[in-house]
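By convention in this document, chain letters (A, B, ...) are assigned in the order of the sequence lines, proteins followed by strands, and residues within each chain are numbered from 1. Any value given below was found using the heavy atoms of this structure, including those in side chains, with hydrogens, waters and symmetry copies removed.
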Amino acid sequence: MKANRVPKPAPVRGMQDFLGDQANRFDHVVATFRDVARRFGFRPVMVPVVEATSVYQRTLGETTDVVAKEMYTFPDRGGDSLTLRPEFTAGICRAYVSEGWQQFAPLKLITHGPLFRYERPQKGRYRQFHQIDAEVIGAPEPAADVELIAFADLLLKELGISGVTLQLNTLGDAETRDAWRGALVTYFERHRDALSEDSLRRLETNPLRILDSKEAADRALLADAPVIDAYMSAQAGAFFEAVQAGVQASGVAFVRQPQLVRGFDYYRHTAFEFVSDALGAQATVIGGGRYDGLVEQMGGPSTPAVGWAGGIERLMMLSAQPVAPRVDIALVAMGPAAEAAAPALLAELRIAGFAAEQAWRGNMKKRMERAGKSGARYALILGEDEIAGGTVMVKNMQDGSQAAVPRAAIVRRLKEAL
RNA sequence: GCGACCGUAGCUCAAUAGGUUAGAGCGCCGGUUUGUGGUACCGGAGGUUGCGGGUUCGAGACCCGUCGGUCGCCCCA
């Protein structure tokens with residue numbers, strides 16, 4: 001009889017709970033990321049989930065959607081305006097300046113965690129989502145860009161993800177970008193009447209974005225739109241050449257995508273995205289680029305930097321199913337004497353490095369059932385007979401065979417078997 | 001913010017064109033087996049059909065509203 005019905009609680013819109021396979025996949029993406037990062041010599045950095053609103057407002061660009069309508073911004077009890085981080089880079093640069101990390105430059109950093117954007121959720125897009133993130137701060141060399149791209153590429157391979165293509169472009173240096181942008185505006189102004197409604201708005205807010213419009217009307221105009229190469233300064237051109245050569249030499253396949261632009265205002269030079277067509281309307285799995293002016297804009301010294309971020313949920317959707325966490329041993333202890341002896345046996349097994357679990361309740365059948373479901377390789381049966389004889393029954397869960405092993409020899413014997 | 005589709009046990013779904021007591025599989029609990037899992041058989045618990053209103057003799061099905069979900073637009077990881 002349910003007296004008072006409490007409505008079933010739901011997670012906040014666009015936020016998810018993970019258990020089982022989902023949680024395993026999440027964990028697997030992060031663990032693989034850490035492992036690959038280690039091979040590239042990247043080190044962890046931790047930064048807050050919340051920053052002063054100004055950290056994002058100024059740097060991402062006032063007119064970008066993230067700043068204009070997607071930030072979780074709220075006043076704290078002291079009246080300061082805070083924002084849940086919508087991306088990693090700005091916060092890391094803030095920390096770099098706050099903590100005087102220039103003394104450690106060049107820094108190769110990784111981090112991961114939740115990000116928040118107030119958007120309408122859909123496939124591969126959530127209000128709380130998670131990213132892995134890699135940044136190189138304090139390196140003007142194209143080799144830094146190359147290494148980051150190789151890092152991302154190897155990560156995808158290690159995750160068993162295929163069918164992803166690397167699109168590479170340059171936005172040039174500040175002069176190049178400005179000149180190109182000006183040419184684009186002039187060009188699209190001339191074709192105002194042919195532009196889609198959305199692109200007319202983009203023309204005012206972020207003209208570069210017209211380049212990746214999905215509207216057929218817009219796409220028809222793109223063929224003759226000015227290409228950045230025509231406005232490229234010598235240095236910017238040379239830089240991009242070096243990046244492309246390095247990526248190629250790393251054995252990473254890519255396609256030049258001259259219409260690739262990125263969402264935030266701080267990007268300069270290299271811009272890239274690893275894209276997939278298996279994510280519904282979302283294409284980008286990992287995206288990044290160079291942001292040479294950002295640290296300085298934060299009030300720090302002039303500092304070149306590059307980085308990328310990858311969506312963990314998106315990587316989870318693309319990765320082959322990871323193996324479930326391995327359980328070596330399930331202990332089935334029956335009777336008061338056995339249950340009293342269980343902790344010591346478990347402690348010994350765990351200290352020896354085994355993944356050992358114990359069923360806490362039920363009759364023998366139930367406990368064996370649990371042992372079977374846990375996927376344990378061996379079940380250790382400890383009952384009155386074993387206690388009396390100073391042994392443990394070791395059962396191979398694959399073939400069902402079992403044998404009594406002296407209690408004192410148990411760890412050694414399991415080490416031989418596993 | 002806009003659009004389309006969808007809300008039935010814990011989960012995945014069913015319920016002829018409105019018609020008795022809303023079913024099944026999986027999972028869970030118990031039994032066949034008072035010390036042996038993965039197979040099998042038997043039994044059991046578990047539902048205000050998202051919520052509110054309306055139409056009807058009668059609504060899980062139809063209508064309106066609302067909340068939630070999914071997918072798409074915008075934008076992005």
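Ring centroids of A:W308 and A:F274 are separated by 6.0 Å or more, keeping the two rings apart.
Rounded to whole Å, the distance from CG on A:N363 to C1' on B:U33 is 10 Å. Separating the CD atom of A:E119 from the C1' atom of B:A77 is a distance of 10 Å, rounded to the nearest angstrom. With rounding to whole Å, A:I132 atom CD1 is found 10 Å from B:A77 atom C1'. Between the P atom of B:U32 and the CE atom of A:M364 lies a distance of 16 Å, rounded to the nearest Å. For the pair A:Q22 CD and B:C11 P, the interatomic distance rounds to 15 Å; values are reported in whole Å.
One finds no side-chain N or O of A:R120 lying less than 4.0 angstrom from the OP1 or OP2 phosphate oxygen of B:U70. Within the 4.0 Å cut-off from OP1 or OP2 of B:C76, not a single side-chain nitrogen or oxygen of A:K123 is found. In this model, the phosphate group of B:U70 is not approached by any side-chain N or O of A:Q122 to a distance below 4.0 Å at OP1 or OP2.
With respect to A:R190 and A:D224, no salt bridge is recorded, no charged nitrogen being found less than 4.0 Å from a carboxylate O. Between A:R367 and A:E339, at least one side-chain N (NZ, or NE/NH1/NH2) sits under 4.0 Å from a carboxylate O, which counts as a salt bridge.
Summarising the base pairing, B:U34 is matched to no nucleotide, lacking a Watson-Crick or G-U wobble pair whose two defining distances lie under 3.5 Å.
Of the N and O atoms on the side chains of A:T32 and A:D35, not one donor lies less than 3.5 Å from an acceptor on the other residue.
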